[in-house]
**Student:** 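I'd like to ask you about the structure that follows.
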Amino acid sequence: QVQLTESGGGLVQAGGPLRLSCVVSRSIAVIQMGWYRQAPGKERELVATITIGGTTNYADSVKGRFTVSRDKIGKSVYLQMDSLKPEDTAVYYCYVRGTGPKADYWGKGTLVTVSS
């Protein structure tokens with residue numbers, strides 16, 4: 001089956017940068033890729049997405065600070081996080097949407113902790 005593997009999470013001081021990576025285990029037809037996050041006691045929320053055509057979408061809370069990117073074949077997706085804030089602390093999940101409406105795949109998550 002398709003497996004998404006995230007990396008790059010960890011502990012970082014407020015104001016610092018962190019870069020998350022996600023690799024897709026098998027070649028699939030990708031429509032959209034991106035990142036969601038879930039903070040303690042809160043629901044999972046969209047962080048950033050990028051279509052195979054390059055169109056990006058960001059949550060208002062991260063605009064100007066985070067940048068999502070991908071490779072040309074939809075094998076990997078990245079999230080560059082700058083000027084991190086303690087409220088960015090959450091488990092970050094990689095997300096990939098295939099060609100079908102139910103072809104959604106999720107990573108197991110990587111924890112990002114921002115200290116003040």
**Student:** To the nearest 0.5 Å, what is the distance between CG (Leu79) and CD1 (Ile50)?
**Tutor:**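 Rounded to the nearest 0.5 Å, the CG-CD1 separation comes to 11.0 Å.
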**Student:** First locate atom CD of Gln1, then atom CZ of Arg26, and finally report the distance between them rounded to the nearest 0.5 Å.
**Tutor:**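 If I round to the nearest 0.5 Å, the distance is 7.5 Å.
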**Student:** Supply the atom-to-atom distance Arg19 CZ to Thr67 OG1, rounded to the nearest 0.5 angstrom.
**Tutor:**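 The OG1 atom of Thr67 is 11.0 Å from CZ of Arg19, to the nearest 0.5 Å.
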**Student:** Should Tyr36 and Val77 be counted in the same cluster of Ile, Leu, Val, Met, Phe, Trp and Tyr side chains packed under 4.5 Å apart?
**Tutor:**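 Looking at the clustering, Val77 is in a separate group from Tyr36.
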**Student:** Linking I/L/V/M/F/W/Y whenever their side-chain heavy atoms sit closer than 4.5 Å, directly or via other members, would Val12 and Val62 fall into one cluster?
**Tutor:**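 Yes.
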**Student:** Kindly indicate whether the side chain of Ile52, heavy atoms from C-beta on, has any atom under 4.5 Å from the side chain of Arg70.
**Tutor:**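 Touching, per the 4.5 Å side-chain cut-off.
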**Student:** Minimum heavy-atom separation for Val30 and Gly74, please, with both atom names.
**Tutor:**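 Scanning both residues, the minimum pair turns out to be CG2-O, 3.7 Å.
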**Student:** Look up atom OG in Ser115 and atom CG in Leu84, then write down how far apart they are to the nearest 0.5 Å.
**Tutor:**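 One finds 10.0 Å between OG of Ser115 and CG of Leu84.
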**Student:** So, Lys75 side chain and Ser27 main chain: donor-acceptor pair closer than 3.5 Å or not?
**Tutor:**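 Not a single qualifying donor-acceptor pair exists.
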**Student:** Should Met33 and Ile28 be counted in the same cluster of Ile, Leu, Val, Met, Phe, Trp and Tyr side chains packed under 4.5 Å apart?
**Tutor:**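 Yes, Met33 and Ile28 fall within the same hydrophobic cluster.
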**Student:** Return a table of donor-acceptor pairs under 3.5 angstrom between the side chains of residues 87-105 and protein atoms on other chains or two or more places apart.
**Tutor:**
from	atom 1	to	atom 2	distance (Å)
Asp88	OD1	Arg37	NH1	3.0
Asp88	OD1	Arg65	NH2	3.1
Asp88	OD2	Arg65	NH1	2.8
Asp88	OD2	Arg65	NH2	3.4
Asp88	OD2	Lys85	N	2.8
Thr89	OG1	Pro86	O	2.9
Thr89	OG1	Val114	N	2.9
Tyr92	OH	Arg37	NH1	2.9
Tyr92	OH	Asp88	O	2.7
Tyr95	OH	Arg97	NE	2.8
Tyr95	OH	Arg97	NH2	3.0
Tyr95	OH	Asp104	OD1	3.1
Arg97	NE	Asp104	OD1	3.3

**Student:** Applying disulfide (SG to SG under 2.5 Å), which residue pairs with at least one partner in residues 39-80 are found, sequence neighbours left out?
**Tutor:**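 As it turns out, there is no disulfide (SG to SG under 2.5 Å) pair with a partner in residues 39-80 once direct neighbours are skipped.
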**Student:** Apply side-chain contact (heavy atoms from CB on, under 4.5 Å) to residues Leu20 and Met81 and explain how you reach the verdict.
**Tutor:** CA-CA 8 Å; Leu20 304 183; Met81 303 183 291; 3.7 Å; yes
**Student:** Please report the interatomic distance OH(Tyr78) to CH2(Trp35), rounded to the nearest 0.5 Å.
**Tutor:**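 Going from OH on Tyr78 over to CH2 on Trp35, the span is 10.0 Å.
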**Student:** Could you state the interatomic distance from SG (Cys22) to CH2 (Trp106), rounded to the nearest 0.5 Å?
**Tutor:**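 If we round to the nearest 0.5 Å, Cys22:SG and Trp106:CH2 are 11.0 Å apart.
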**Student:** Using the rule side-chain contact (heavy atoms from CB on, under 4.5 Å), only one of Val68, Leu46, Val47, Thr49 pairs with Tyr58; which is it?
**Tutor:**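 The option that passes is Val68.
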